[in-house]
K.L.:
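Before anything else, here's the structure in question.
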Amino acid sequence: EFTAAPNYAGGVPSIEYSVVGGTSENTASQTLEFVLTPVADVPIIAENKPVHTLEDTSVALEMVTPTITDAGTSASTDDYPERIGAITLTIGGAGADGVTLLNGAEVLTPVGGKLTIVLTDVPHIIGVPAANADAGVYHMTAEQYSKLMAVPKPESGDNFTITVDVTSYEVDASGAVRTQTVGDVTTPLPGAPAVPQIITVDVQAVTDKAILTLSATEVQRTFAEDT
């Protein structure tokens, strides 16, 4: 029985064995070749949590950078650390429409209720989407990601959620997703999606100040004493 080391997906030396049946003329030899198919491991992201804010008030989300669980063993064995893809933030709930995020002064506007985040200083797979605000795709550092702010829908006390999704992939030396070939068909190896994190944003409604408006003819009134 052969059992590879945990998370190992590199090359394995072949094994040659011989069986001798009484004389050297009755010797049979066989070579065993081992092929390990890489399997991506689920990355780790933060646990579900609530955050609280007031109506029309931005709130810090304190985002946590996803981490891989398979750091590889050695380039010499063709077993490299896994890499994550882009992070998807999905805005949901009653107050989802009109929600934006802030990266410093930059406004991040969801497209189709989603934002795609690429962390530029965290190893990621080759082929992540280019930054494109019109498509809801934004590039930033891990530190900027950790400081993202959520801005509720204006004049609304409706709560909303932000669901965080990311997938880890087995990659080659270049960072490209590794492939598998079955017959004449070569396809990328499937990634391992993380257990999504759900951030529930509790928005407390705030009573707005009343505004008294007077017309030009109502600016001044004269009254007699004791009237």
Side-chain angles (χ1 to χ4, degrees), residues 2-14 33-47 61-90 101 103-104 106 108-148 162-197 199:
F2 169 76
T3 302
N7 289 329
Y8 182 75
V12 178
S14 61
E33 301 283 351
F34 297 93
V35 178
L36 299 181
T37 300
V39 177
D41 295 89
V42 174
I44 299 173
I45 56 178
E47 296 181 352
L61 296 174
E62 298 182 348
M63 306 297 286
V64 178
T65 299
T67 57
I68 60 169
T69 55
D70 183 355
T73 55
S74 172
S76 63
T77 57
D78 196 32
D79 187 28
Y80 302 94
E82 292 183 10
R83 296 191 182 191
I84 62 171
I87 300 169
T88 301
L89 307 181
T90 303
L101 266 60
N103 173 22
E106 180 185 22
L108 282 55
T109 303
V111 174
K114 296 180 182 292
L115 289 164
T116 300
I117 308 296
V118 175
L119 301 181
T120 55
D121 56 349
V122 173
H124 53 72
I125 61 172
I126 289 177
V128 293
N132 181 355
D134 291 338
V137 181
Y138 298 87
H139 287 203
M140 65 189 66
T141 65
E143 181 179 5
Q144 289 173 318
Y145 179 71
S146 72
K147 296 178 180 179
L148 286 179
I162 301 174
T163 302
V164 184
D165 290 290
V166 69
T167 298
S168 182
Y169 299 89
E170 288 277 358
V171 297
D172 61 20
S174 70
V177 176
R178 297 183 72 161
T179 60
Q180 61 182 351
T181 301
V182 179
D184 296 330
V185 180
T186 299
T187 57
L189 286 170
V195 176
Q197 178 196 20
I199 302 172

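Residues: numbered from 1 along the sequence shown. Since we're looking at a predicted model, the values are computed, not measured.
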K.L.:
Measure across Y145 and V164 and return the closest heavy-atom pair with its distance rounded to 0.1 Å.
P.N.:
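Where Y145 meets V164 most closely, the heavy atoms are OH-CG1, 3.7 Å.
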K.L.:
How many angstroms lie between OG1 in T69 and CG in D41, if you round to the nearest 0.5 Å?
P.N.:
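That separation rounds to 4.0 Å.
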K.L.:
Please report the shortest heavy-atom distance between V177 and P188, naming the atom on each side.
P.N.:
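Looking at all heavy atoms of both residues, the shortest contact is CG1-CB, 4.1 Å.
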K.L.:
Could you tell me whether a side-chain N or O of Q197 sits under 3.5 Å from a main-chain N or O of E47, the two making a donor and an acceptor?
P.N.:
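Judged by distance alone, yes, a pair lies under 3.5 Å.
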K.L.:
Run the side chain to side chain donor-acceptor pair (under 3.5 Å) test against S14 and tell me which residues pass, sequence neighbours left out.
P.N.:
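Residues passing side chain to side chain donor-acceptor pair (under 3.5 Å) with S14: none at all.
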K.L.:
Which distance, rounded to the nearest 0.5 Å, do you find between the CD of E143 and the CG of L119?
P.N.:
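Spacing of CD (E143) from CG (L119) equals 12.0 Å.
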K.L.:
Counting N and O atoms only, with roles assigned by atom type, does the side chain of D172 sit under 3.5 Å from a partner on the main chain of G175, one being a donor and the other an acceptor?
P.N.:
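Looks like yes, one N/O pair under 3.5 Å.
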K.L.:
Do you know which two heavy atoms are closest between V122 and A142, and how far apart they sit?
P.N.:
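Closest pair (atom of V122, atom of A142, distance): CG2-CB, 4.1 Å.
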K.L.:
From the options L89, T109, T88, select the one residue that forms a side chain to side chain contact (heavy atoms under 4.5 Å, CB included) with L115.
P.N.:
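Answer to the side chain to side chain contact (heavy atoms under 4.5 Å, CB included) test with L115 among L89, T109, T88: L89.
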K.L.:
Nearest heavy-atom pair of Y169 and L189: which atoms, and what distance?
P.N.:
CD2-O, 4.4 Å
K.L.:
Sorted by first residue and then second, give each side chain to side chain donor-acceptor pair (under 3.5 Å) pair with at least one member in residues 112-140; sequence neighbours left out.
P.N.:
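Listed by first then second residue: T90-K114.
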K.L.:
So do L108 and I117 actually touch side chain to side chain, heavy atoms under 4.5 Å?
P.N.:
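Yes, their side chains come closer than 4.5 Å.
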K.L.:
For the atom pair CG (D70) and CD (E170), what is the distance rounded to the nearest 0.5 Å?
P.N.:
5.0 Å
K.L.:
Can you name the closest pair of heavy atoms from S168 and E82 and give their distance?
P.N.:
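Minimum heavy-atom separation between S168 and E82: OG-OE1, 2.6 Å.
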K.L.:
For the CD1 atom of I126 and the CZ atom of R83, what is their distance to the nearest 0.5 Å?
P.N.:
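Going from CD1 on I126 over to CZ on R83, the span is 7.0 Å.
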K.L.:
Should I84 and I125 count as side-chain neighbours, where that means a heavy-atom distance under 4.5 Å?
P.N.:
no
K.L.:
Between atom CG of D165 and atom CD1 of I45, what is the distance when rounded to the nearest 0.5 Å?
P.N.:
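Reported to 0.5 Å precision, the distance equals 6.5 Å.
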K.L.:
Supply the atom-to-atom distance L148 CG to L61 CG, rounded to the nearest 0.5 angstrom.
P.N.:
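The CG atom of L61 is 6.5 Å from CG of L148, to the nearest 0.5 Å.
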K.L.:
On a heavy-atom basis, which atom in A135 and which in V111 lie closest, and how many Å separate them?
P.N.:
C-CG2, 3.6 Å
K.L.:
Could you check whether atom CD of Q180 has more than 12 heavy atoms from other residues, nucleotides or ligands sitting under 6.0 Å from it?
P.N.:
yes
